[in-house]
Amino acid sequence: MTVTSVQSPAPPVPATARSTLVVSCAALLLVLINYTVPAVTLPLTAAGLGAGVTGPVWILNGVTLGMAALLLIAGVIADDRGRRRTYLGGMALFAVASVAAAAAPGTAVFVTARVLQGAASAALLAAGLGAVGHAYPAGPERLKATGRYGAMLGLGILIGPFVASGVTAVAGWRGTYWLIAVAAVLLLVLGARLLPESRADRPRSLDLPGVVTLGLGLAALLTGITEGRLGWTRPIVPIALGLAAVLFLAFTLIERRRAEPMLDLSLLRRPLFAVASAGAFVVGLAVVGPMTFLPTVLQLAHGVTPFGTAVLSSVWSGASFLVALQARRVRLGGRALLALGMLLSAAGYLPLLGIGGHWSPPLTVLGLLIAGVGSGFINAALTHLSIESVPPSQGSMGAGANSTARYVGSALGIAAIASVAGLRGFADGVGITLLAGAALVALTALATFLVRRA
């Protein structure tokens, strides 16, 4: 007699896992909307605050500074002290900082509020993705969940400029921050009701020397990068970059000697962790940075309105959102999917090479569409790899390390394209940086595909 085996259906996803995904995705969406606001409101915000010459640069980069400096630290705290607790604390700080930004009487208060928004965003990103990794063990459901989470990156960048421009037209630039504060309060209540607590099985002692040296090192690095956009020979730039190098060296020596380091440097010997971290840095440097600067190119070089640049940018971000949602249907592993996304992003740059000089709207749309498809694959792959490449007890730390690499890279990328465009003019400068970025992304894609999984 022949016995036919029947494959049992996959167990249903627990309600707590679904609520964790909803809350985490909503928080990421709010963080990305807030991140994009200055791209649309910068002229009005700078004029309203009397920002002067250097103020606009800090208005743009305040959130990036807070996020990059604290993402890894927030991830470790979330793993050890509780992801729900970290989320709630981060969202409360986000709401308060948003109120401060809305009511800021001058540039110093506003920039401080934006840095605090960035610090709060770090807690939300690290705790949210760590909680998703805990709620969805390895398997098809995790792949689906991380794809949806990664899609929020594209959706936030897609709708953020439209939200900012719409609210600013009705209630001024301050109205956007009041709306963000209200949304943060609502998500604070939602998280308190729906988000279950999770943490590492064995909390570690706080690595205070590591926290101080890494946080100050990243702050010094991003200060040098931000000030460098106004001139790389200004004294503050080499001082800040030199201080960053010293602090990073101190951090490395401290972590190698600690029994329970904040960042386990042995993870760098894991091929998947190395691929995820290096890939996130290159994506920030050569994809997110240039794409963030392109609206400025279109406005300054071709007179496109802020709303018009938002519409064009939505081609890239919209494609990224839709593709990330469906990326799990592509039968490729995380490394291969990341490599594919990078190759498509590099290919998308080719129609954009002349965007700083002789602008062709059809070629721009084509390039943004191809690059957007690639970005969708990248976001889905990196979101999955960032938690798949570390032990389950270090999920938030993996998410924090990956996001830190991405945002530090994006700050460098924006500074690079702005500096080259300033030296060579938009026509040559933008083309040179896009071509160099395409080459770097393509080479990284090849290296990513060749790395063997441990």
Side-chain angles (χ1 to χ4, degrees), residues 35-36 39-40 60 153-154 156-158 160-162 229 279 281-324 338-379 406 409-446:
Y35 179 82
T36 64
V40 176
L60 279 174
L153 292 167
I157 294 174
L158 170 65
F162 291 104
R229 292 177 62 182
F281 177 78
V282 171
V283 165
L285 175 67
V287 177
V288 178
M291 284 298 176
T292 302
F293 192 74
L294 282 184
T296 301
V297 174
L298 292 172
Q299 290 183 36
L300 296 181
H302 305 294
V304 181
T305 65
F307 183 79
T309 58
V311 172
L312 285 171
S313 296
S314 70
V315 176
W316 176 67
S317 54
S320 175
F321 166 65
L322 294 174
V323 170
L338 177 59
L340 174 61
M342 287 182 165
L343 289 174
L344 286 171
S345 293
Y349 279 179
L350 300 181
L352 298 174
L353 292 179
I355 196 171
H358 301 290
W359 178 44
S360 169
L363 283 179
T364 299
V365 171
L366 175 63
L368 291 173
L369 181 60
I370 296 172
V373 172
S375 179
F377 287 138
I378 287 170
N379 289 338
R406 185 192 292 247
S410 69
L412 284 167
I414 293 172
I417 191 170
S419 298
V420 177
L423 290 172
R424 299 292 300 270
F426 280 120
D428 292 335
V430 175
I432 290 171
T433 50
L434 288 180
L435 187 60
L440 177 60
V441 171
L443 289 173
T444 306
L446 179 61

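Below, all heavy atoms of this structure are taken into account, side chains as well, without hydrogens, waters or symmetry copies. Nothing here was measured: the structure is a model prediction, and the numbers come from that model.
Atom-to-atom distance recorded for Ile370:CD1 and Leu350:CG is 8.0 Å, nearest 0.5 angstrom. Once rounded to the nearest 0.5 Å, the distance linking CD1 of Ile378 with CZ of Arg406 reads 8.0 Å.
Proximity of Thr364 to His302: side-chain heavy atoms (C-beta onward) are nowhere separated by under 4.5 Å. Side chains of Ile157 and Ser313 form no contact here, defined as non-hydrogen atoms less than 4.5 Å apart. Taking the side chain as every heavy atom from C-beta outward, Asn379 and Ser375 approach each other to under 4.5 Å. At a threshold of 4.5 Å between non-hydrogen side-chain atoms, the residues Leu368 and Met291 count as touching. Residues Trp359 and Val304 are in side-chain contact: their nearest non-hydrogen atoms beyond the backbone lie under 4.5 Å apart.
Here the closest heavy-atom approach between residue Ala438 and residue Tyr349 is recorded as N-CD1, 3.7 Å. Nearest heavy-atom pair, Ser317 versus Leu158, reported as atom, atom and distance to 0.1 Å: OG-CA, 3.1 Å. Across all their heavy atoms, Gly374 and Ser345 have their closest contact at C-OG, 3.7 Å. The shortest non-hydrogen separation linking Val365 to Val315 is O-CG1, 3.8 Å. A pairwise comparison of heavy atoms in Ala286 and Leu440 identifies CB-CD2, 4.3 Å as the closest pair.
For Leu412, the side chain to side chain contact (heavy atoms under 4.5 Å, CB included) partners two or more places apart in sequence, or in a different chain, are Ile225, Phe281, Leu285, Val408. For Ser314, the side chain to side chain donor-acceptor pair (under 3.5 Å) test picks out no residue, with sequence neighbours left out.
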Let me see the working for Leu294 and Leu352 under side-chain contact (heavy atoms from CB on, under 4.5 Å), right down to the final yes or no.
CA-CA 10 Å; Leu294 282 184; Leu352 298 174; 4.1 Å; yes
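Under the 3.5 Å distance criterion, the side-chain polar atoms of Thr433 are matched with a main-chain donor or acceptor of Gly429.
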